[in-house]
Amino acid sequence: MKKLDIIGASTSFGQPKLGVDLGPDAIRYAGLSKTLSDLGYDINDKGNISGDFKVDVAGHSKKEESNLLNFEGVLNFNEHLAKSVDESITAGHFPLVLGGDHSLAIGSLAGISSHYENLGVIWYDAHGDLNDSHTSPSGNIHGMPLAASCGVGHERMVNLYNDGVKVKPENVVLVGMRDLDEGEKKYIKDNNILTFTMVDIREKGIKAVMEEAVSYLKDKTDGIHLSLDVDALDPVETPGTGTPVDGGLSLSETQLAMRILNKSERITSMDLVEVNPLLDEKNKTAEKAVEIAAHLFGKVQRY
Ligand SMILES: NC(=[NH2+])NCCC[C@H](N)C(=O)O
Ligand SMILES: [Mn+2]
Ligand SMILES: [Mn+2]
């Protein structure tokens, strides 16, 4: 039976809103383990990682390094997460990392990448998360993890856990984009990153887009990591998230997208991030996160 490790990445240091560190438990309470074990997986919940830094409720957002919010907290957390993800892959298990804000992808990719010659990444998100401290309008590190993993940004972020670049920009595909900062647009152009905006998705349809993403990565990569930010979906679907952007994907499109990835048999790890139960409506966003994971792991709608 395929073994799946659930890793709770209980962090909120990558952005200023409290509560996203509760995302992993909100997803658990929405029934994740049972849903996935009913699909035939052997589920091992490794519990939550939160690192050595405590959340400071009174002063959560500290710019420690120039334009990098909660810098030490983010780094420390990601060292712990990278180790846990690394151990999961070494054990031959599929790591499913529940967030937590998207800065956790620095750690998950750091733990994953050494296991692959050429790791591919599908970044399913409203945002590119391709800023560095110079291009970021906010200083929030959850807007920077993909850049850091591609080797751009503060050297302590770039070299976290293992020295050097974790993912090559030519092995990245962006899906769902509709809120890119100027510096991110320039990085995408300069590096020729395969990018599907919401306009592209409306024109081509999500099925064609996902099939193109898979065929682009299939032959040149030896594993594909899916980093899924719930704000890729429209805020009507997933209101419980810190940086919602109108004009997003529907749940049914995302179910279809996950089904295409399931059929590709190429996805080797996943982040499921930015669920903030304090911003949610009766845990609806966590419930959708479970539904999304279920489709990645083979759930099919039947009648
Ligand atoms: N993972 C996220 N939700 N990222 C949002 C990033 C928003 C904006 N681009 C920034 O850098 O501040
Ligand atoms: Mn996002
Ligand atoms: Mn994101």
Side-chain angles (χ1 to χ4, degrees), residues 9 11-21 23 60-61 63 65-71 74 77-78 81 97-109 121-150 152-154 157 167 172-188 193 195-198 201 225-249 254 257 270-280 285 288-289 292:
T11 188
S12 60
F13 293 128
Q15 50 80 64
K17 294 181 186 167
L18 294 168
V20 69
D21 49 315
H60 186 48
S61 314
K63 291 218 169 127
E65 189 75 19
S66 62
N67 208 31
L68 290 167
L69 189 102
N70 300 319
F71 186 57
V74 168
F77 170 79
N78 278 300
L81 178 62
V97 180
L98 309 179
D101 76 69
H102 218 162
S103 65
L104 66 84
I106 298 173
S108 62
L109 284 169
V121 172
I122 296 177
W123 201 267
Y124 196 94
D125 199 324
H127 308 96
D129 297 339
L130 280 165
N131 279 306
D132 61 25
S133 63
H134 304 289
T135 64
S136 169
S138 63
N140 297 335
I141 299 177
H142 78 157
M144 310 181 194
L146 187 52
S149 303
C150 289
V152 177
H154 195 291
M157 281 158 65
V167 188
V172 172
V173 182
L174 305 172
V175 180
M177 299 296 117
R178 57 194 184 274
D179 185 10
L180 292 167
D181 298 317
E182 288 313 312
E184 298 184 297
K185 289 181 190 164
K186 182 172 187 315
Y187 186 78
I188 289 169
I193 295 180
T195 302
F196 298 102
T197 66
M198 283 311 303
I201 295 169
H225 176 73
L226 171 64
S227 203
L228 190 147
D229 183 329
V230 296
D231 71 27
L233 279 76
D234 193 88
V236 168
E237 303 271 13
T238 53
T241 195
T243 51
V245 189
D246 283 340
L249 287 146
T254 303
M270 180 189 193
D271 310 317
L272 184 50
V273 308
E274 296 282 353
V275 173
N276 185 337
L278 299 192
L279 303 175
D280 206 1
T285 302
K288 298 218 170 145
I292 292 166

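For ligands, and for the atoms within them, numbers begin at 1 and follow the listed sequence.
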J.: Please determine, by modelled atom types, if T254 and Y124 share a side-chain donor-acceptor pair under 3.5 angstrom.
T.: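 Judged by distance alone, the side chains do pair up.
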
J.: Indicate yes or no: does an N/O atom of N131 lie under 3.5 Å from an N/O atom of ligand 1?
T.: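 N/O-N/O distance under 3.5 Å: yes.
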
J.: Measure the distance from atom 2 (C) of ligand 1 to every protein heavy atom, then report the residue, atom name and distance (to 0.1 Å) of the closest one.
T.: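 Of the protein heavy atoms, H142 ND1, 3.3 Å lies nearest.
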
J.: Which protein heavy atom lies closest to atom 8 (C) of ligand 1, and at what distance to 0.1 Å?
T.: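 Answer, as residue, atom name and distance: D181 OD2, 3.6 Å.
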
J.: Sorted by chain and residue number, which protein N/O/S atoms are under 2.8 Å from the Mn ion (ligand 3)?
T.: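 Protein N, O or S atoms closer than 2.8 Å to the Mn ion (ligand 3): H102 ND1, D125 OD2, D129 OD2, D229 OD2.
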
J.: Under 30°, 30 to 60°, or over 60°: which ring-plane class applies to W123 and H102, parallel, tilted or perpendicular?
T.: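 Parallel: the ring planes of W123 and H102 meet at under 30°.
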
J.: Heavy-atom pairs closer than 4.0 Å: do any link ligand 1 to the side chain of H127, the backbone, both, or neither?
T.: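 The answer is the side chain.
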
J.: Shortest non-hydrogen contact from L228 to M270?
T.: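 Heavy-atom minimum between the residues: CB-CE, 4.0 Å.
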
J.: Can you tell me how far NE2 of H142 sits from CG of D229, rounded to the nearest 0.5 angstrom?
T.: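 One finds 8.5 Å between CG of D229 and NE2 of H142.
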
J.: When you look for heavy atoms under 4.0 Å from ligand 1, do you find them on the side chain of L180, its backbone, both, or neither?
T.: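 Looking at L180 and ligand 1, no heavy atom falls under 4.0 Å.
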
J.: Give the atoms of ligand 1, by number and element, whose distance to some non-hydrogen atom of G143 is under 4.0 Å.
T.: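 Taking each heavy atom of G143 in turn, ligand 1 has 6 (C), 11 (O) under 4.0 Å.
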
J.: Determine whether the side chain, the backbone, both or neither of M144 has a heavy atom under 4.0 Å from any heavy atom of ligand 1.
T.: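 For M144, there is no contact with ligand 1 at all, from either part.
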
J.: What protein heavy atom is closest to atom 4 (N) of ligand 1, reported as residue, atom name and distance in Å?
T.: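 Its nearest protein heavy-atom neighbour is D129 OD1, 2.9 Å.
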
J.: Which one holds for D101 and ligand 1: side chain close, backbone close, both close, or neither close, with close meaning a heavy atom under 4.0 Å?
T.: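 None of D101 does.
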
J.: Can you tell me if T285 uses its side chain to pair, donor with acceptor, with the backbone of G240 under 3.5 Å?
T.: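 Yes, T285 side chain to G240 backbone: donor-acceptor pair under 3.5 Å.
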
J.: If every non-hydrogen atom of E184 is compared with every non-hydrogen atom of G143, which pair is closest and at what distance?
T.: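 Between these two residues, the closest heavy atoms are OE2-O, 4.1 Å.
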
J.: Using distance alone, decide if ligand 1 has a nitrogen or oxygen within less than 3.5 Å of any nitrogen or oxygen in N140.
T.: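 No: no nitrogen or oxygen of N140 is under 3.5 Å from one in ligand 1.
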
J.: What is the minimum heavy-atom distance between L104 and V97, and which atoms define it?
T.: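 Looking at all heavy atoms of both residues, the closest pair is CD1-CG1, 3.8 Å.
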
J.: Answer yes or no: is there a donor N or O on one side and an acceptor on the other, between the side chain of N70 and the main chain of G14, under 3.5 Å?
T.: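 Side chain of N70 to backbone of G14: no pair is present.
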
J.: Considering distance alone, does some N or O of D231 sit under 3.5 Å from an N or O of ligand 1?
T.: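 By distance alone, the answer is yes.
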
J.: Atoms of ligand 1 less than 4.0 Å from D229 heavy atoms?
T.: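 This gives 1 (N), 2 (C), 3 (N) as the contact atoms.
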
J.: Excluding sequence neighbours, so at least two apart, what forms side-chain contact (heavy atoms from CB on, under 4.5 Å) with D21?
T.: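 With sequence neighbours excluded, D21 shows a side-chain contact (heavy atoms from CB on, under 4.5 Å) to S10, S12, V55, given in chain and number order.
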
J.: Please tell me if the side chains of L279 and T241 come closer than 4.5 Å, counting only heavy atoms from C-beta onward.
T.: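 Not in contact.
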
J.: Within the 3.5 Å criterion, strictly below it, is a donor on S227 or D271 matched to an acceptor on the partner's side chain?
T.: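 Per modelled atom types, S227 and D271 side chains form a pair under 3.5 Å.
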
J.: What is the nearest protein non-hydrogen atom to atom 3 (N) of ligand 1, stated with its residue, atom name and distance?
T.: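 Nearest protein contact, heavy atoms only, for atom 3 (N) of ligand 1 is T243 OG1, 2.9 Å.
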
J.: Are E274 and V20 packed together at the side-chain level, in the sense that at least one heavy-atom pair is separated by less than 4.5 angstrom?
T.: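 A side-chain contact under 4.5 Å exists here.
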
J.: Is it true that the side chains of D181 and H127 contain a donor and an acceptor less than 3.5 Å apart?
T.: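 Not at all, the side chains of D181 and H127 share no donor-acceptor pair under 3.5 Å.
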
J.: In terms of residue, atom name and distance, what is the protein heavy atom nearest to atom 10 (C) of ligand 1?
T.: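 Closest protein heavy atom to atom 10 (C) of ligand 1: S138 OG, 3.5 Å.
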
J.: What are the atoms of ligand 1, with element, lying closer than 4.0 Å to any heavy atom of H102?
T.: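 Contacts of ligand 1 toward H102, numbered from 1: 1 (N).
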
